[in-house]
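What you see is a predicted model, and the numbers here were worked out from it, not measured in a lab.
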Amino acid sequence: MSVAEQTQESTLPSLTIVKDAACTFCGCVCDDMELTVENNRITKAKNACVLGKAWFLNHHIDDRPDATIKGQPVSYEEAIEYAADILLNARNPVTYGLSDTTCEAQRVAVAITDWVGGTVDTTTSVCHGPSGMAFQGVGEVTATLGEIKNRADCVIYWGGNPAESHPRHFTRYSLTPKGQFLPNGRKDRYAVLIDVRKTKSAKAMDEFIQIKPRCDFELIWAMRALAKGVEVGPEIEQKTGVPLAQLQALVDRMKTAKFGVILFGMGLTMTRGKHMNTEAVLSLARDLNKFTRWTAKPMRGHGNVTGADNVVSWSTGYPFGVNLSRGYPRFNPGEYTTSDLLLRGEADAAMIIASDPMSNFCQQARDHFVRIPTIVLDPKLSESAKVATVAFTTATYGINVAGTAYRMDDVPIYLRPAFQSKYRSDYEILKAIETRIRERQLAAS
């Protein structure tokens, strides 16, 4: 090879194709991505939706310090030691976030919180927390997205807008794909949207039912009554805004479906009634199983928020807002959830993992967050990282880091990274903090 040919070859971009990669932007965790990587940058994301393309194609590794202490660049080792100091000296530390990292990192975060007797909480507490409470109250009739794709001939979306929040849910899992028992795809399904306003998702439906705000519980309870053959008075129309005849027709269709699913979003969980709304939906699905097969599933947002709930649940017995200060887990939303701990000024230290409370908590909680020593692990310079006592720059899970994430239907998905990052993963940093905490605790005992 000539010198010119060698020079030309050395300047060619380094090209890699990563097949069956998983997108961790939302809870769908679609694992059929084909990523083209050139010089440590993703240039193509085949099969990704508009949100997935933005997630992959806009990803780049910032030129930031490995870690900072009070805004000053330091090594990982110095920051790890300082973080261990904060957690060991705190009387009521809280660990929060966990929804955008691997299950392996989540397990270590729970362990650290247990060692220091703190509170562990996930972003579920500010989104589908009511659903987590409802699951424990009445149970869940569940199914995988694969079962829904292959079997569900009646699909009800309640209080959500998947067309914008989960674009591939329609095309890959619930509305248009051809299934084993639904060979004609969309033609074999009857789809309904129940919401307080007409969203983009309504255009894809067979029926749109507009309900008055804050009346979800009453509508679901009326549907339960109709399903059981109990007479419902006409006053339900005035209360919910839904004609009784339309409601009766929907319930009749639900009872005669071969396989149905209710996919509910935060429009149901974060309005009046909250966990009682979710309990009502889960109970409705349970009631309908006396006639046919029905399930109910929440539409989860963050890529691994379902994994966070699973990890915290199998570690402590509860999904979020778990206090470990007495040596055993205590669960009490409103008391042990992070936004409330900060609002009341009770937390005296915080470790934030792949989350940004400074961008979405109330002002009183943010004010207290700034006053206490804090540790933040995040690939980006978030608002929380900017004010953190100790801030770690981390690699991005799913793009730079392998591991496990749970899809919204509780199915674990293996993550295939596209390229390596110069920064450490959440798992590596948390494991180092845990090791240092245990060394110092054992030395002091």
To the nearest 0.5 Å, what is the distance between [atom1] ([X]) and [atom2] ([Y])?
X    : Y    : atom1 : atom2 : result
K380 : D356 : NZ    : CG    : 13.0 Å
I80  : R424 : CD1   : CZ    : 5.0 Å
N277 : F217 : CG    : CZ    : 7.5 Å
T306 : H128 : OG1   : NE2   : 9.0 Å
L98  : I353 : CG    : CD1   : 5.0 Å
L415 : D20  : CG    : CG    : 12.5 Å

Item to check | Chi angles and distances behind the side-chain contact (heavy atoms from CB on, under 4.5 Å) call for F419, I61 | outcome: CA-CA 11 Å; F419 60 94; I61 298 175; 3.7 Å; yes
Checklist entry - Please walk me through it: do N310 and D410 pass side chain to side chain donor-acceptor pair (under 3.5 Å)? => result CA-CA 8 Å; N310 275 275; D410 299 297; 3.0 Å; yes
Taking only Lys NZ, Arg NE, NH1 and NH2, and the carboxylate oxygens of Asp or Glu, determine whether [X] and [Y] approach each other closer than 4.0 Å.
X    : Y    : answer
K19  : D32  : no
D85  : R440 : yes
R253 : E207 : no
K431 : E434 : yes
K422 : D63  : yes

Side chains of [X] and [Y] in contact at under 4.5 Å (non-hydrogen atoms):
X    : Y    : value
Y397 : T24  : yes
T95  : T119 : no
P298 : F135 : yes
T338 : V126 : no
T292 : F259 : no
H169 : M408 : yes
R186 : D206 : yes
V411 : I413 : yes

I'd like to know if the side chain of [X] and the backbone of [Y] have a donor-acceptor N/O pair within less than 3.5 Å.
X    : Y    : result
E34  : K46  : no
R272 : R214 : yes
N304 : G307 : yes
H166 : E164 : no
T269 : K274 : no
N150 : G146 : yes
D153 : K258 : yes
E428 : S425 : yes
D340 : Y336 : no
S355 : I352 : no

Next on the checklist: Using the rule given for ring-ring contact (aromatic ring centres under 6.0 Å, His included), can you reason through Y76 versus Y423, listing the C-alpha separation, both sets of side-chain angles and the distance that settles it, and then say yes or no?
Outcome noted: CA-CA 10 Å; Y76 276 122; Y423 300 113; 7.3 Å; no
Residues [X] and [Y]: side-chain donor-acceptor under 3.5 angstrom:
X    : Y    : result
S125 : D121 : yes
N400 : H59  : yes
Q441 : W115 : no
T122 : T124 : yes

Heavy atoms only: give me the nearest [X]-[Y] pair and the separation to one decimal.
X    : Y    : result
A285 : W294 : O-CB, 3.9 Å
Q136 : P319 : NE2-CD, 3.3 Å
P93  : V116 : CG-CG2, 3.9 Å
G403 : T102 : CA-CG2, 4.1 Å

Item to check | Residue pairs, two or more places apart or on separate chains, that pass ring-ring contact (aromatic ring centres under 6.0 Å, His included) and touch residues 36-55 | outcome: none
Item to check | Working for side chain to side chain donor-acceptor pair (under 3.5 Å), residues D409 and T144 | outcome: CA-CA 5 Å; D409 58 348; T144 67; 4.6 Å; no
Report, as yes or no, whether the 6.0 Å neighbourhood of atom [atom1] on [X] holds more than 12 heavy atoms from other residues, nucleotides or ligands.
X    : atom1 : answer
M270 : CE    : yes
K44  : NZ    : no
Y406 : OH    : yes

Item to check | CA sep, side-chain torsions, deciding dist, call: V401, T396, side-chain contact (heavy atoms from CB on, under 4.5 Å) | outcome: CA-CA 6 Å; V401 179; T396 302; over 6 Å; no
Next on the checklist: What verdict does the side-chain contact (heavy atoms from CB on, under 4.5 Å) test give for R407 and L145, after you've listed the backbone C-alpha separation in whole Å, the side-chain angles of each residue and the deciding distance to 0.1 Å?
Outcome noted: CA-CA 9 Å; R407 205 166 60 188; L145 292 177; 3.7 Å; yes
Item to check | side chain to side chain donor-acceptor pair (under 3.5 Å) assessment of D426 paired with T101 | outcome: CA-CA 7 Å; D426 294 326; T101 189; 2.7 Å; yes
Next on the checklist: Under the criterion salt bridge (charged side-chain N to carboxylate O under 4.0 Å, His left out), I'd like the reasoning laid out for E38 against R41: C-alpha separation, chi angles, the key distance, then a yes or no.
Outcome noted: CA-CA 5 Å; E38 298 181 34; R41 186 141 193 172; over 6 Å; no
Next on the checklist: In terms of relative ring orientation, are Y318 and F331 parallel, tilted or perpendicular, with 30° and 60° separating the classes?
Outcome noted: parallel
Checklist entry - salt bridge (charged side-chain N to carboxylate O under 4.0 Å, His left out) between E140 and K297: does it pass, once the steps are laid out? => result CA-CA 8 Å; E140 179 186 15; K297 295 295 296 181; 3.3 Å; yes
Checklist entry - Is the ring centre of F369 less than 6.0 Å from the ring centre of Y96? => result no
Next on the checklist: Before you tell me yes or no, could you show the steps for T393 and D66 under side-chain contact (heavy atoms from CB on, under 4.5 Å), namely the whole-Å CA-CA distance, both residues' side-chain angles and the distance that decides it to 0.1 Å?
Outcome noted: CA-CA 5 Å; T393 305; D66 293 344; 5.9 Å; no
